[in-house]
Amino acid sequence: MTHQKIVPHLWFDTEAEQAFDFYKNIFPETHLITEVTLKDTPSGDANQLIFDIYGFRFMAINAGPYFVKNPSISFTVLFKQSETNLLEDIYQKLIENGRAVMPLAQYDFSEKYGWVQDQFDVSWQLLVTDQTFEHRITPSIMFMNENNGRAEEAMNFYTHVFKQSEQGYKFYYPKGLEPNSISHLAYATFKLEDQWFTCMDSAYKYDFQFNEGISLLITAEDQAEIDAYWDKLSAVPEAEQCGWVKDKFGLSWQIAPKQMDEMISKGTPEQIKRVTEALLKMKKFDIATLEQAFHNE
């Protein structure tokens with residue numbers, strides 16, 4: 001994937017590097033892109049990693065024991081039928097010190113499928129498919145508890161907010177799968193900024209909900225784009241902090257300028273420290289102020 005506008009952001013207490021090493025030993029084609037330390041954040045010195053798995057980009061940060069990741073956002077990894085052994089091998093490694101959400105087995109929708117929450121609380125759905133696929137990894141969003149029945153509404157909302165968007169497949173629950181309703185989505189695909197996502201409703205009761213443990217980071221081109229995404233996505237004023245917002249479904253987003261990537265990855269320790277100090281005072285990011293901090297103007 002050459003350009004990924006929306007990057008899943010994984011919040012760790014102190015284990016981001018350990019998690020990356022774990023994934024590097026499990027998934028083929030896993031690469032570290034950058035690693036930097038943000039000094040003197042409210043969580044102390046926060047280490048931030050950017051890495052790719054199968055060409056799909058993730059960001060991870062060590063930022064204290066405040067949020068626990070859960071399966072409301074998971075990552076679907078697709079495998080060809082000839083790769084069933086690879087899927088089984090990856091599943092067995094992921095479940096070490098983790099747990100099965102849905103055990104590895106044959107299901108109606110796939111001859112080999114498993115949903116596993118790994119030891120770092122990141123959830124993966126591994127799936128053999130006979131469809132051709134462009135990208136192996138897709139973020140999957142589950143709407144449950146008070147959000148149950150809102151997956152289609154969310155898909156309509158997000159495809160209006162983001163450019164280069166479209167809706168793909170929509171499958172509703174058939175009769176006989178109560179408590180799920182036949183008007184609710186069992187599985188749907190949609191594209192935002194040329195990236196595929198999936199979503200589903202689930203009527204079962206869960207003791208978790210969307211939180212900041214997994215957020216979606218948008219890289220904005222300019223201040224106008226930051227302002228536009230902020231206005232459309234932010235629905236919880238008290239959640240607005242350091243570029244973070246929560247939308248009307250409770251999903252956490254981060255809206256950051258592309259210039260910040262450059263500043264953080266290529267700046268001197270002093271420049272990174274000044275930028276970090278400036279951004280910690282902000283709710284919505286102001287590019288001009290961040291650039292002034294970077295250049296010490």
Side-chain angles (χ1 to χ4, degrees), residues 1 3-77 90 93-98 116-125 135-141 195 197 208 210-219 241-245 251-258 260-267 272 275-276 279-280 285:
M1 182 178 283
H3 172 67
Q4 189 177 319
K5 179 95 170 175
I6 304 169
V7 174
H9 181 279
L10 310 177
W11 184 294
F12 293 89
D13 179 3
T14 59
E15 321 84 2
E17 299 89 347
Q18 190 184 342
F20 169 73
D21 288 340
F22 179 66
Y23 300 138
K24 188 175 65 176
N25 290 322
I26 290 175
F27 292 105
E29 299 174 46
T30 298
H31 306 104
L32 182 65
I33 310 300
T34 61
E35 182 173 359
V36 296
T37 302
L38 308 177
K39 297 275 189 187
D40 301 323
T41 76
S43 307
D45 292 353
N47 224 30
Q48 177 182 286
L49 286 73
I50 299 173
F51 59 94
D52 284 356
I53 299 176
Y54 284 128
F56 184 85
R57 187 151 294 191
F58 292 86
M59 182 181 283
I61 194 167
N62 288 330
Y66 303 109
F67 306 108
V68 177
K69 297 173 287 300
N70 66 59
S72 59
I73 297 180
S74 58
F75 302 99
T76 300
V77 190
I90 289 174
K93 289 174 179 172
L94 285 172
I95 205 168
E96 186 182 329
N97 299 319
V116 56
Q117 186 170 1
D118 70 29
Q119 61 186 280
F120 300 103
D121 297 315
V122 181
S123 294
W124 306 88
Q125 298 186 58
H135 305 298
R136 276 191 188 266
I137 297 184
T138 307
S140 302
I141 307 171
Q195 289 174 233
F197 291 76
F208 55 81
F210 298 136
N211 69 7
E212 291 84 348
I214 299 181
S215 58
L216 297 173
L217 172 69
I218 306 164
T219 303
Q241 186 179 356
C242 299
W244 292 67
V245 298
L251 190 60
S252 289
W253 298 83
Q254 296 183 59
I255 306 167
K258 66 177 183 183
M260 202 152 87
D261 251 3
E262 191 86 354
M263 294 177 199
I264 299 295
S265 62
K266 298 190 176 166
I272 294 169
V275 169
T276 304
L279 69 84
L280 288 171
F285 285 145

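Since the structure is predicted, the reported quantities are computational estimates derived from the model, not experimental observations.
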Any idea which heavy atoms bring [X] and [Y] closest together, and the distance?
X: P8; Y: L216; result: CA-CD2, 4.1 Å
X: R57; Y: Q4; result: N-OE1, 2.8 Å
X: F51; Y: I33; result: CA-CG1, 3.9 Å
X: S72; Y: F208; result: N-CE1, 3.7 Å
X: T34; Y: S265; result: CG2-CB, 4.1 Å
X: C242; Y: F285; result: O-CZ, 3.2 Å

From [X] atom [atom1] to [Y] atom [atom2], the distance as rounded to the nearest 0.5 Å:
X: I6; Y: S215; atom1: CD1; atom2: OG; answer: 12.0 Å
X: T30; Y: F20; atom1: OG1; atom2: CZ; answer: 6.5 Å
X: L279; Y: I264; atom1: CG; atom2: CD1; answer: 6.5 Å
X: W11; Y: E212; atom1: CH2; atom2: CD; answer: 7.5 Å
X: I61; Y: D13; atom1: CD1; atom2: CG; answer: 12.0 Å
X: N47; Y: D45; atom1: CG; atom2: CG; answer: 8.5 Å

Taking only residues two or more places apart in sequence or in another chain, which ones pass side chain to side chain contact (heavy atoms under 4.5 Å, CB included) with D121? V68, K69, Q117
Return yes if some donor-acceptor pair links the side-chain N/O of N62 with the main-chain N/O of E15 below 3.5 Å, else return no. yes
So, does Q195 use its side chain to make a donor-acceptor pair with the main chain of K5 at under 3.5 Å? yes
Determine, step by step, whether I73 and L251 satisfy the side-chain contact (heavy atoms from CB on, under 4.5 Å) criterion, reporting the C-alpha distance in whole Å, the side-chain angles of both residues, the deciding distance to 0.1 Å, and the verdict. CA-CA 9 Å; I73 297 180; L251 190 60; 3.3 Å; yes
Given the rule in the side-chain contact (heavy atoms from CB on, under 4.5 Å) test, do S252 and W244 qualify, once you have shown the distances and angles that lead to the verdict? CA-CA 7 Å; S252 289; W244 292 67; 4.3 Å; yes
Salt bridge (charged side-chain N to carboxylate O under 4.0 Å, His left out) partners for D261, two or more places apart: none
Counting C-beta onward and ignoring hydrogens, is there a side-chain heavy-atom pair between [X] and [Y] closer than 4.5 Å?
X: F27; Y: W124; result: yes
X: Q18; Y: F22; result: no
X: P28; Y: I90; result: yes

Show your working on side-chain contact (heavy atoms from CB on, under 4.5 Å) between E29 and D52 and close with a plain yes or no. CA-CA 8 Å; E29 299 174 46; D52 284 356; over 6 Å; no
Between F75 and F58, is the ring centroid distance below 6.0 Å? yes
One pair to check against side-chain contact (heavy atoms from CB on, under 4.5 Å): F120 and L10. What are the steps and the verdict? CA-CA 10 Å; F120 300 103; L10 310 177; over 6 Å; no
